[in-house]
Number of protein chains: 2
Amino acid sequence: MSSRIIFANRLREVRTSKGFSQEKLAELSTLHRTYVSSVERFERNITIDNMEKLASALEIDLRELLKPYE
Amino acid sequence: MSSRIIFANRLREVRTSKGFSQEKLAELSTLHRTYVSSVERFERNITIDNMEKLASALEIDLRELLKPYE
DNA sequence: GTGTGACTTCTAGTCCGTA
DNA sequence: ATACGGACTAGAAGTCACA
């Protein structure tokens, strides 16, 4: 399982658990709505700066978004 | 402290603790020697795929490379 | 063995739209 | 609210020569 897919799945999971839409998360992280969408579908090879933006918008540690399912 | 700097510092720390040169790590991760160098100097906004390559070459979980100093 | 500037190629990331 | 496409621009990937 690639980190890219783990990240994508965790991102969606945490985002929805916080009740955020993709649009809302995009706004909070100053990223584009369609970009968040493509990241969650693991189409994009996201950079560390943007990973941090997303984690920060979700108010969690970046490592939380890289934690595989048990 | 940005994730980028944390990653850079941890990368260098783990690499040297394993006795690897930048050249050796570059070879193991199929990245260029000077690229590894620039990442360790946090000059590059590295992507998740390359982060994974480096973690894999060091035989550790990617999250280990994002762990801040205590 | 590593740092650095300069460079080209390629893709990350934006912005428009449709469904 | 989300997926997805096309077209575009900013910037990452990747390499090199030299210190």
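In what follows, every chain begins at residue 1, and chains take the letters A, B, ... in the order their sequences are listed.
Remark: the backbone N or O of B:Glu40 is not paired with any side-chain donor or acceptor of B:Arg12 at under 3.5 angstrom.
Nearest-nucleotide positions on DNA chain C for A:Tyr35 and B:Thr16 put B:Thr16 closer to the 5' end.
Atoms CG (A:Leu25) and P (D:dA1) sit 13 Å apart, rounded to a whole Å. Between A:Lys53 atom NZ and D:dG11 atom C1' there is a gap of 12 Å when expressed in whole angstrom units. The distance between atom NE2 of B:His32 and atom C1' of D:dA17, rounded to the nearest whole Å, is 11 Å.
Closest of all the heavy-atom pairs between A:Ala57 and A:Phe20 is O-CE1, 4.1 Å.
Taken to the nearest 0.5 Å, the CD atom of A:Glu64 stands 10.0 Å off from the CD atom of A:Glu13.
Using a 4.5 Å heavy-atom threshold, the side chains of B:Met51 and B:Leu65 count as separate. Contact of the A:Asn50 side chain with the A:Val39 side chain is not registered, since no non-hydrogen atoms from C-beta on lie closer than 4.5 Å. Between A:Leu54 and A:Leu28 the shortest side-chain heavy-atom distance does not fall below 4.5 Å.
B:Ile60 and B:Phe7 fall within the same hydrophobic cluster, defined by Ile, Leu, Val, Met, Phe, Trp and Tyr side-chain heavy atoms under 4.5 Å apart, directly or through other members.
Close approach of DNA chain C to chain A, defined as any atom under 4.0 Å from a non-hydrogen atom of the protein, starts and stops at C:dA12 to C:dG17.
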Could you list the protein-to-nucleotides 3-6 of chain D atom pairs, N/O on both sides, closer than 3.5 Å?
{"from": "D:dA3", "atom 1": "OP1", "to": "A:Arg12", "atom 2": "NH1", "distance (Å)": "3.4"}
{"from": "D:dA3", "atom 1": "OP1", "to": "A:Arg12", "atom 2": "NH2", "distance (Å)": "2.8"}
{"from": "D:dA3", "atom 1": "OP2", "to": "A:Arg12", "atom 2": "NH2", "distance (Å)": "3.4"}
{"from": "D:dA3", "atom 1": "OP2", "to": "A:Gln22", "atom 2": "OE1", "distance (Å)": "3.4"}
{"from": "D:dA3", "atom 1": "OP2", "to": "A:Gln22", "atom 2": "NE2", "distance (Å)": "2.6"}
{"from": "D:dA3", "atom 1": "OP2", "to": "A:Ser37", "atom 2": "OG", "distance (Å)": "3.2"}
{"from": "D:dC4", "atom 1": "OP2", "to": "A:Arg41", "atom 2": "NE", "distance (Å)": "3.4"}
{"from": "D:dC4", "atom 1": "OP2", "to": "A:Arg41", "atom 2": "NH1", "distance (Å)": "2.8"}

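Looking at residues two or more places apart in sequence or on another chain, you find a side-chain hydrogen bond (donor to acceptor under 3.5 Å, both in side chains) between A:Glu43 and A:Arg41. A search for side-chain hydrogen bond (donor to acceptor under 3.5 Å, both in side chains) contacts involving A:Asp61 returns A:Arg63, not counting sequence neighbours.
Counting only residues at least two apart or on different chains, the salt bridge (charged side-chain N to carboxylate O under 4.0 Å, His left out) pairs with a member in residues 44-55 of chain A are A:Asp49-B:Arg4.
Bending across the helix from C:dT2-D:dA19 to C:dA19-D:dT2, expressed as the angle between its end axes from five pairs apiece, amounts to 40° (10° rounding).
Dashed line: the shortest gap from a side-chain N or O of A:Asn45 to OP1 or OP2 of D:dA13 is not under 4.0 Å.
Here the rule is side chain to side chain contact (heavy atoms under 4.5 Å, CB included) with A:Leu25, and of A:Leu11, A:Leu31, A:Thr16 only A:Leu11 fits it.
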